[in-house]
Every structure is written in C-alpha cells, then in structure tokens.
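Since the model is a prediction, treat every value here as computed from it, not as a measurement. Naming convention: chains lettered A, B, ... in sequence-line order (proteins, then strands); numbering from 1 in each chain.
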Amino acid sequence: MNSRIELRGQGTLTEALGAVARTAALKLRHAVKTRTPGHGEVFLEADALATKPQFVAVIKTVRNFATIGMVKEQLNGLPPGVYPLLVAPYMTRALAERCRDLHLPFIDTAGNAFIQVPGLTIYITGEPQPARRKNDLERRRAYTEVGMKVIFALLCDQKLADATYREIGRVAQVALGTVGPVIKELANRGHLVQRGGIATLINTRELMEAWVARYPEALRPKLFQDRYQADVDRLQALDLHGRQAVWGAEVAAQRLTGYLKPEQFTLYVRGDAKSLLTKARMRLDQNGNTEILQAFWNLPEDPTHPDLVPPLLVYADLMATGDGRNLETARLLHEQLLEPLYRS
DNA sequence: CCGTAATCTCACCCTTGTAG
DNA sequence: CTACAAGGGTGAGATTACGG
C-alpha cells in the first residue's frame, strides 16, 4: 500500500549502502529474514566479516533525537548476533553522537556511520550533506507564499531590489531568513543582476506575468479571511481614509480606468476589519458580494490613490475572476498602467 | 549593520487505530 | 468494511545566534 514510501526508502537504502562502502569500506548486502519484518524493516548482513553480523534496518528520515529514540525502541529485543541499524538520508554530527550514546548503529547517504558490533567498529561523522539534497531544499522558493510576497514588493517598488534583506523583509512582510533564498532563485532565473554595483530587477514583464498567473493558487487563498453580503450603496460610500483597508479588484479598476460597474467588492485589510463591518452593515455570507483579504505589503501608499491596492494586484484579481467584463477591463489596465512599468 | 545558518514553531496532511 | 478521530511526520516560515 505504501509503494511510494517504500520506493523512497529503497533509494535512501541503496545510496546509503553505496556511501558506507566508500567511506568505511564496509559492504552490506541483503540477508534472509531473521524475524517477521516490522513496518519498513530490511534485513542486511556484513558477510565479509568472520563474525557475520546481521542487521535489522529501519529506513527513516531523522530530524530530532526523538526519532532516534523511537527507532531504538522499535528494534529492541533482537536475538544474539543480530543488531539494529538506522538508515537515514542524512545525520548531522549531533544526531550521530546521540546514536553513539544510545548504541544504535546507523548509516546515511553521505557516508556517515556508527557501527559497533563484535569484530567491527566504525564511527564517521561530518561528511557533507549530498549536494542533491541541498538543491532540493533550495529549489522552488520563488513561488511559495513568501516568494510571492517578495516578488510583489519588488515589482511594485523596483528600487527595493538593491535594498538590504532586512528592508525587503519589512516591505514584503516576511521573515529575514526567508528573503535570501528567494533572491537567490530570482537571480538563478535571470530576474536579478548586478548593474554597476546595483542589484537590478530585469525581465520584469516575464516576472510580472508569472506572478499574476500564480497569484490565485499560490498566495490568494492564504490571504482570504471571509465573505460577506453588504449593501452596495453603503459600500460605495465607505470612506477608507484612516481605516486600515484598501479597495482591490473591481472597485479599484473602476476608479483607475473609469470602466466597469462593480458588482463584487474586494477589500484588503490590515489588522481587524470590525469597524468596516459595522459601518457597511456586512453579514457573513458564503455567497455574498464582498470579500475581505489580508493586506500583504508595507509599500508606501500612492498619493493619488491612497485607498486602492497597487495596480498590479488589481490586475491580478481581475484576471483571477475569469469574468469577461473584468478581463476586458484588465486589458485596459495593463495597457495604461502596467505595460509602461514592465517593459524590460 | 548585514547576510547566513541553525533552531524553533506551527499548520497541514497522511497514517493508523478504533468504533460502529 | 467504512468512517472518523487521534497522533505523528513533514515542510514552510519565523526567530535567533553568529561571524564578517
């Protein structure tokens, strides 16, 4: 039933056997079963040794000490001459030390190992993590929630590309530690270069289109708070000045292009929207005409339209609806406001 | 001050156990 | 056998510590 997991474990096992053969000159091969196999257990033996020790191996990704304890527990009570063995993708030095303290033998795919059985003592730590795993971790950081927020901030304020990571994190409302990987991937994808010692956003048109295409799945659902039904006249009359809220989508498009008569209302808010709800007499309604989302930027506001979201977000929201009228307005918006900003 | 790496936290999802 | 709750693993992101 767990064919996918079995396969993943097989890969780890094969790599780990190869790695330990390289770093410790220890050859392990599959052995006959010495007991009813538990979940995910594999039977191995080192037949080159006179003592012919056998191992019952468990393949598991190890991140913390607790996992080591669990494996130790799962593999207790083995008969004489048979030993437990933990097979992990990668064991840090601290995890390796923990295994040694608990007398739990392990091997990993980097070639680290601790094995202490009659006729055989191996302890190897500090082998570097295989590059492929590192790449796995670094790949696909651009279109995560954090990546989307950072890209949006950069597209709206292109000078931000040369700011410190702390400043980018503040404007994009993401943690400092998450900025670096996103920037690195944007550079890899050819969207960021150094020009005269200044970090510069390039291929902005392509980046903008990619962001808009991914916004509906990659970020919007995370921002959604609730949907309400509200009186249209009251909504139109709402004064957002001083409130922590701005119009998006149809209302913003109407005010920017003069086209479109809004039917759906989209508000991006900071903090809680209580005062808005009472002012416009909104009531919770799954199919209501008003949706409230979390604002996700700290950009300076546009003095000519202080109560609207940035045009890029208006465009993305209109595109996301797929509504015919909205698409036409979106095209207009693109021509008038976006195209000049994202030519390169 | 700045970027990076290690560590911590939390939400989601998959497994597994259990009751009907 | 099915449905559903409980528990644990996992990955994304936030925080923190550190060295330049």
Side-chain angles (χ1 to χ4, degrees), chain A residues 1-13 36-41 58-75 86-98 106 108-110 112 125-154 159-188 192-194 197-199 211 214-215 217-226 270 294-298:
Chain A
M1 57 173 180
N2 297 325
S3 59
R4 196 164 52 91
I5 288 170
E6 290 286 330
L7 279 174
R8 195 193 296 170
Q10 279 300 328
T12 302
L13 178 61
T36 313
H39 184 68
E41 289 181 4
V58 168
I59 303 160
K60 218 171 182 53
T61 302
V62 180
R63 285 170 211 290
N64 49 38
F65 291 173
T67 313
I68 296 174
M70 283 172 49
V71 173
K72 173 77 180 169
E73 186 61 27
Q74 182 185 341
L75 291 175
L86 168 62
V87 181
Y90 184 72
M91 296 287 280
T92 62
R93 191 181 296 272
L95 292 170
E97 279 172 14
R98 181 66 175 181
F106 79 86
D108 76 8
T109 62
N112 297 302
T125 64
E127 289 289 323
Q129 199 160 359
R132 185 181 53 73
R133 280 192 60 74
K134 261 190 165 174
N135 288 341
D136 279 355
L137 290 173
E138 282 169 11
R139 211 169 27 183
R140 305 254 163 255
R141 287 297 208 116
Y143 298 111
T144 59
E145 184 177 350
V146 157
M148 291 292 289
K149 288 179 179 175
V150 170
I151 293 170
F152 180 74
L154 291 173
K159 302 184 307 298
L160 194 61
D162 195 49
T164 64
Y165 286 5
R166 280 176 171 78
E167 175 67 4
I168 294 172
R170 190 189 64 76
V171 175
Q173 295 189 359
V174 301
L176 169 65
T178 61
V179 174
V182 176
I183 295 296
K184 215 164 277 172
E185 191 184 338
L186 287 178
N188 285 340
L192 266 176
V193 291
Q194 291 288 328
I198 296 171
W211 188 88
R214 290 173 200 259
Y215 175 68
E217 312 91 52
L219 183 54
R220 201 176 203 281
K222 312 274 174 59
L223 308 169
F224 179 79
Q225 294 194 329
D226 266 313
R270 300 176 195 285
Q294 192 80 52
F296 58 96
W297 60 92
N298 262 329

To the nearest Å, give me how far apart [atom1] ([X]) and [atom2] ([N]) are.
{"X": "A/Lys149", "N": "C/dA14", "atom1": "NZ", "atom2": "P", "result": "6 Å"}
{"X": "A/Asp162", "N": "B/dC2", "atom1": "CG", "atom2": "C1'", "result": "13 Å"}
{"X": "A/Leu219", "N": "C/dG13", "atom1": "CG", "atom2": "P", "result": "10 Å"}
{"X": "A/Gln173", "N": "C/dA14", "atom1": "CD", "atom2": "P", "result": "10 Å"}
{"X": "A/Lys222", "N": "C/dG13", "atom1": "NZ", "atom2": "C1'", "result": "11 Å"}
{"X": "A/Tyr165", "N": "C/dG13", "atom1": "OH", "atom2": "P", "result": "17 Å"}

Legend entry - A/Thr144 side chain near C/dA12 phosphate (N/O to OP1/OP2, under 4.0 Å):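 It does not, given that no N or O in the side chain of A/Thr144 lies less than 4.0 Å from OP1 or OP2 of C/dA12.
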
Find out whether [X] and [Y] are in side-chain contact, i.e. whether some heavy atom of one side chain is under 4.5 Å from a heavy atom of the other.
{"X": "A/Leu154", "Y": "A/Leu186", "value": "yes"}
{"X": "A/Thr178", "Y": "A/Glu145", "value": "no"}
{"X": "A/Met148", "Y": "A/Trp211", "value": "yes"}
{"X": "A/Leu219", "Y": "A/Leu223", "value": "yes"}
{"X": "A/Arg170", "Y": "A/Arg166", "value": "no"}
{"X": "A/Gln173", "Y": "A/Gln294", "value": "no"}
{"X": "A/Ile183", "Y": "A/Ile168", "value": "yes"}

N/O to N/O distances under 3.5 Å, protein versus nucleotides 10-13 of chain B:
none

Please enumerate all protein N or O atoms sitting under 3.5 Å from an N or O of nucleotides 16-20 of chain C, with distances to 0.1 Å.
none

Legend entry - Of the listed nucleotides C/dA14, B/dC2, C/dG13, the one nearest the side chain of A/Glu145: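 My answer, after comparing the listed nucleotides, is C/dG13.
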
Legend entry - Listed nucleotide nearest any side-chain atom of A/Ala175, set C/dA12, B/dT4, C/dT15: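 Of all the options, the side chain of A/Ala175 is nearest to C/dT15.
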
Legend entry - Closest non-hydrogen atom pair between A/Ala153 and A/Val171, with its separation: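 Looks like CB-CG1, 4.1 Å.
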
Inset, instruction - Give the minimum heavy-atom separation between A/Leu192 and A/Ala161, together with the two atoms involved. - result: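 Reported closest heavy-atom pair: CD2-CB, 3.8 Å.
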
